[in-house]
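It should be emphasised that the depicted structure is a prediction, and the values quoted were computed from it without experimental measurement. Residue numbers start from 1 in every chain, and the chains themselves are labelled A, B, ... in the order their sequence lines are given, proteins ahead of strands.
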Amino acid sequence: MEAAASLPQWRANLATIAALMARAKNELLRVPGAAIPGVLAPTIFFLGINGVFGALTQLRGFDTGAYESFVVPVSMLQGAGFTGAAAGVNLARDMEQGWVDRLLVSPAPRWVLLAGTVLAASARALIPATFVLAIALLLGASWPGVAGLLIAYVMVAAIAAVAACWGSALALRFKSQSAAPLMQAGMMAAIFTTTAYAPLALLQPWMRSVAEVNPVTQVMDAARQGFLGAVTWAETWPAILVLLALVAVLGAWALREMRRTAA
Amino acid sequence: MSTNLRVIRALGMRSIRQTFRRPQLMAPILVFPTLLLAVQTGGAGGAVDLPGFPPVQGFLQFMLAGAMMQSLMLAGNSGGIAFAVDIEMGFTDRLFAAPVPRYTIVLGRLAGVAALGFLSAVWFFAIGLAFGAEVHSGVAGVLIAVFLVTATATAVGGIGAAVALRTGSASVVQGLFPLVLVVLFLSSAFFPIDLMIQPARAIAEYNPFSFIVEGVRTPIIAEVDATDLLEALLAIAGIVVLGLVLSARALRHRLRTG
């Protein structure tokens with residue numbers, strides 16, 4: 001931080017973000033067991049949903065015969081959602097322990113502090129996503145192609161960023177790890193009230209109505225496209241737009257809560 | 001005897017209050033299973049049209065037993081976590097030093113878990129009825145299902161208590177959470193066994209929790225079936241025995257090693 005003080009502002013900001021990301025990485029390296037639940041939960045969900053609901057592909061109108069290909073992006077995004085929400089839980093823990101207070105009296109801009117948390121979550125989300133993807137490919141999921149894979153990973157990183165903004169805003173609002181269920185349940189609801197289990201046409205009417213207005217449905221469809229067929233720009237750009245909007249709105253909320261906390 | 005019952009009741013009440021005061025303990029019991037019930041019913045509800053799916057009024061009716069199972073297993077896990085926190089904080093050591101039989105300390109915790117199991121059964125019946133699901137065998141079916149869910153919660157709580165006593169670590173008991181998911185997915189909690197994909201199907205056929213799920217589900221979707229009920233009771237008895245043996249051994253170990 002001291003070295004950062006003598007740098008131009010933008011480089012100092014980057015150095016602060018890098019330091020916060022390095023702290024998150026150190027947490028991962030020093031307590032490797034802490035990452036296990038985040039990796040295990042989406043993997044178990046993938047294996048479970050695939051084994052239990054695999055017969056859904058026999059329904060008329062299901063556009064693929066391979067349920068593992070259909071469901072792998074769900075588990076990748078679920079892992080990202082959990083990882084992002086966990087960033088909020090960690091922030092709440094840091095608040096309880098007084099570490100955030102010390103950050104807030106530093107000369108770093110508020111958005112830089114938030115960016116460190118959010119970008120660390122985005123990077124960390126690639127671990128469960130890669131693990132689930134490897135298991136899925138071993139079980140026979142379709143190879144999504146380079147473009148499909150790239151898009152799926154971008155969606156994973158961006159959903160983790162959305163979840164981290166959501167979790168951070170709640171952590172800053174409630175200042176307690178007791179808010180953890182709200183962080184996780186919010187992301188779970190956002191990811192599963194989409195075309196997670198079946199195509200839109202096969203969802204129950206109420207779920208179809210929710211999925212149609214749920215912006216995460218666009219993200220799910222974009223992440224899934226490479227696993228089910230060709231990658232198209234028409235299926236990709238709505239997801240990018242949705243993710244930018246979600247990060248902007250939830251990021252602004254988190255920043256507002258951070259300013260309130262500091263005040 | 002009445003003193004022991006008072007101790008069990010007091011510790012049971014404490015356990016329930018502890019759960020309600022901490023959202024981290026309450027959410028897995030009611031919030032997550034309710035959310036999963038909603039998304040699975042809405043997302044996979046078309047499954048009732050699959051050939052071989054048992055005749056049901058709707059997927060919600062079929063799924064109620066699965067949601068109750070998930071909730072009671074997480075109640076048992078949450079009970080184990082709270083027990084381990086008590087051990088970590090030294091509260092259990094103070095109870096050990098008190099002039100009460102040691103088994104009442106474990107039974108008090110299990111009484112709390114049983115109450116949460118009962119609450120979970122009532123909660124999911126209320127949700128099911130509110131959203132139009134019918135209980136085919138009527139009040140008798142509700143009573144049987146509530147009894148089975150409460151008994152299973154107590155049995156699962158015994159295993160959670162045993163792990164808590166053995167390890168004395170809340171994070172180890174919390175680490176059982178993924179195992180709960182595995183056991184659930186590898187049972188008939190969420191789908192008929194005949195429609196599951198191998199190897200999940202083969203494992204589910206022998207999973208004792210499948211027998212309990214069927215015991216809870218049958219009175220909801222059909223008439224009460226004596227065979228299903230007996231199999232569920234036997235499965236619960238097996239888990240109770242396992243929990244008792246593990247708890248007794250873990251208690252002895254803790255008292256010996258401190």
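Taking OG of A:Ser168 as the start and CG of A:Leu250 as the end, the distance is 10.0 Å to the nearest 0.5 Å. Note that OG of A:Ser75 is 9.0 Å distant from CG of A:Asn50, once rounded to the nearest 0.5 Å. Distance check: B:Phe83 CZ to B:Leu110 CG gives 8.0 Å after rounding to the nearest 0.5 Å. With rounding to the nearest 0.5 angstrom, the OG1 atom of B:Thr154 is 12.0 Å from the CD1 atom of B:Ile159.
B:Ser71 and B:Ser120 share a donor-acceptor pair across their side chains, judged by distance under 3.5 Å alone. Between the side chains of A:Thr195 and A:Arg224, at least one donor-acceptor pair of N or O atoms lies under 3.5 Å. Checked by atom type, the side-chain pair B:Arg109/B:Ser15 shows a donor-acceptor distance below 3.5 Å. Between B:Asp225 and B:Thr218, the side chains place no donor N or O within less than 3.5 Å of an acceptor N or O (distance only, hydrogens not considered).
Among A:Leu182, A:Leu202, A:Leu59, A:Leu203, the residue making the largest number of heavy-atom pairs under 4.5 Å with chain B is A:Leu59. For the set A:Val52, A:Leu47, A:Leu56, A:Thr193, the count of heavy-atom pairs under 4.5 angstrom toward chain B peaks at A:Val52. With respect to chain B, the highest number of heavy-atom pairs below 4.5 Å among A:Tyr197, A:Tyr67, A:Trp206, A:Phe192 belongs to A:Tyr197.
The neighbour count for B:Arg166 CZ, taken as heavy atoms of other residues, nucleotides or ligands under 6.0 Å away, does not exceed 12.
With sequence neighbours left out, A:Thr117 forms a side chain to side chain donor-acceptor pair (under 3.5 Å) with no residue at all.
Residue contact with chain A, scored on non-hydrogen atoms closer than 4.5 Å, involves the side chain of B:Val31 exclusively. Proximity to chain B (any heavy atom under 4.5 Å) is shown, for A:Ala196, by neither the backbone nor the side chain. Both the backbone and the side chain of A:Phe45 have a heavy atom closer than 4.5 Å to some heavy atom of chain B. For chain A, the nearby parts of B:Ala38 are the backbone and the side chain; heavy atoms of each come within less than 4.5 Å. For B:Thr41, the part lying under 4.5 angstrom from a heavy atom of chain A is the backbone only.
Within the 6.0 Å centre-distance limit, the rings of A:Phe70 and A:Phe62 are counted as a close aromatic pair. Taking the six-membered ring for Trp, B:Phe191 and A:Phe53 have ring centres closer than 6.0 Å.
Contact residues of residues 198-214 of chain B toward chain A are B:Ala200 (heavy-atom distance under 4.5 Å). Annotation: residues 47-56 of chain B contacts chain A through B:Ala47, B:Asp49, B:Leu50 [non-hydrogen atoms, separation under 4.5 Å].
Applying the salt bridge (charged side-chain N to carboxylate O under 4.0 Å, His left out) definition to pairs two or more places apart or across chains, those involving residues 83-95 of chain A are A:Arg23-A:Asp94, A:Glu27-A:Arg93.
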